[in-house]
Amino acid sequence: MAYQTLERDNNTLLAWLLAQEIPLNLVAPPQVTPTPDLTVALLTEALDFSGLDASCPPLKPQSSPQAEGLASLGEPERPAALETFPLSSAEMEKLRELVLIAERQRIAKLEAQVSQLQRQLDSDDSEEMIASFKPVIAEIIAARVRESQDDVAEALYPVIGKSVRRAVAQAIRDLARGVDAAMRRSLYPQPVRKLMQRMRGIDAEDAALRDLLPFQVHEIFLIHQESGLLIHHLSAVGTLSDADLIGGMLSAIRSYVQESFAPGTEGTLEEIRYGDLRIMMVEGSIASLAVVLQGTEPAGFQSLLLEQVSTLHNACGRDLRAFDGNPLSASTILPFLKPLLEV
Amino acid sequence: MIQRKVCLVGDFAVGKTSLFSRFVYNRFSESYMTTIGVRLQRKVMLVEGQELTLILWDTEGGQDSTAVKRTYLGGAGGAIVVCDLTRESSIRHWPDYIQLLRQINPTILLTLAANKVDLLSPTHPHRTLAQQIAQEAKIPLIFTSANTGEQVENLFQTLAKELLRAEVFH
């Protein structure tokens, strides 16, 4: 009821508040003891008139002696306090200051902190920023790892898994090469190999591991050296629809590397590695072999490739020289390529 | 199946890759992307009732023929030498490319592609220049537009026929 009569006037508001008994102390000098949070909240709330109009439900009067007294008077639209406590602007300002001093101090402190953070963000000194965020981020990560190890492991697996796999594959290859180097050749019959291993002090477990390392030849391309055209292709994993293009591209890569990095030299591109897959390349005078393999090849495998290419050139030199893109008879070529697929 | 290596050569930005894309994929892109190294694609053609597989090598273009990586051209049965009809220098470089290709493979079969014909008026002097060089070198000349697709199929068909004819007389 009294609520509905309020006007947009701070003095009136204050008077109304006084009438509600709560802030009576504010206007009874010298007992001015303001700044209770309750008063601040009331002032803040009451100062916002935007949502209030005549349609608002009447405020339920406080249960207080004054309120009861007011009610008993019948229908006084305005409490007596409304007319009896007008405040000047200066007094109002002073009142505001007294009421809001703690809040203003807090806001000033927060503004200073925000400015400091903004300066750090705007600063070009990334070191300073890293130093600021490092402890927080480290703590967040540590907490996240403690809370949900599975989620973190799952998120990191694509990155770490590949690196670990590569490192393990490399370590195994190194081990295999170490054993092979000590043995010189591992294509001896097994009893002889074992005897030699013992004589050369190779650990039996290392030697056994070496013998068990997985290895498979996936594809074999016989490529015409000059044109890059595919002479023949064999696959252990099914048909490859783009074998002719792959053969050409391997030839182009070899040419590109040679012309770009080593023009006029006799070197050759011997290997391309992609993850677990490797492409070993061996050149003959007319045709070259490109073998796609996975795993650790047995020692002497590259020598075997060279031997096969050499034998092929000796046996089919005329056909190879005449090759201009017309298919060569499979029966001519296959005997030289098939054994490589079965190593 | 018979397969032949066919190289596309010419100065940079004359439209080698555009002709290649128009012929293989029947598409054209306005945006220019330079070719690094070489791009390979296969196209199976039916020429006079016979199947022929072209292994197309779209090579990187340079300022002139000296920029071509010679090893890309080795063993090519045919080549298409491309120029940009709007750029006179690219037409005048044709004889250098022809000489280079014949030096690497004396029996190579060539076709000249005068590209971007859609950008030129029918009486433009560059047309005459291109015809003059083609006549002197005795090499078939096709005016093409990779943009509109004009004569692109015919360009490759012409070379493919030559390749098969050479195969018969081989």
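Please read these numbers as outputs of a predicted model, since none were measured by experiment. Residue numbers begin at 1 in each chain, while the letters A, B, ... track the order of the sequences.
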TODO: Please collect all salt bridge (Lys or Arg N to Asp or Glu O under 4.0 Å) contacts where either partner lies in residues 222-242 of chain A, sequence neighbours excluded, each pair once.
DONE: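 Passing the test, one end in residues 222-242 of chain A: A:Asp242-B:Arg42.
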Under 3.5 Å, side-chain donor or acceptor atoms of residues 336-343 of chain A against the rest of the protein: list the pairs with distances, not counting sequence neighbours.
none

[X], [atom1] atom: more than 12 neighbouring heavy atoms under 6.0 Å:
X: A:Arg273; atom1: CZ; value: yes
X: B:Gln99; atom1: CD; value: no
X: A:Asp150; atom1: CG; value: no

Task: Whether B:Gln3 side chain and A:Leu230 backbone form a donor-acceptor pair below 3.5 Å - done: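 Side chain of B:Gln3 to backbone of A:Leu230, a donor-acceptor pair under 3.5 Å: yes, one is there.
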Task: B:Trp57 versus A:Ser251, closest heavy-atom pair with distance - done: CH2-OG, 4.2 Å
Donor-acceptor contacts under 3.5 Å from residues 113-122 of chain B side chains, at least two apart:
unit_1	atom_1	unit_2	atom_2	d
B:Asn115	OD1	B:Thr144	OG1	3.0
B:Asn115	OD1	B:Ala146	N	3.3
B:Asn115	ND2	B:Val14	O	3.1
B:Lys116	NZ	B:Ala13	O	3.0
B:Lys116	NZ	B:Asp84	OD2	3.2
B:Asp118	OD1	B:Ser145	OG	3.0
B:Asp118	OD2	B:Asn147	ND2	3.4
B:Ser121	OG	B:His124	N	3.4

Task: Minimum side-chain heavy-atom gap A:Asn326-B:Arg4 below 4.5 Å - done: yes
Open item on the list: Report, in residue-number order, which members of residues 62-80 of chain B are under 4.5 Å from chain A by heavy-atom distance.
Closed with: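 Listed by number, the contacting residues are B:Lys69, B:Arg70, B:Thr71, B:Tyr72, B:Gly74, B:Gly75.
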Open item on the list: If I take atom CD1 from residue A:Ile246 and atom CG from residue B:Leu40, how far apart are they, to the nearest 0.5 angstrom?
Closed with: 11.0 Å
Open item on the list: Report which part of B:Ile55 has an atom under 4.5 Å of a heavy atom belonging to chain A: side chain, backbone, both, or neither.
Closed with: side chain
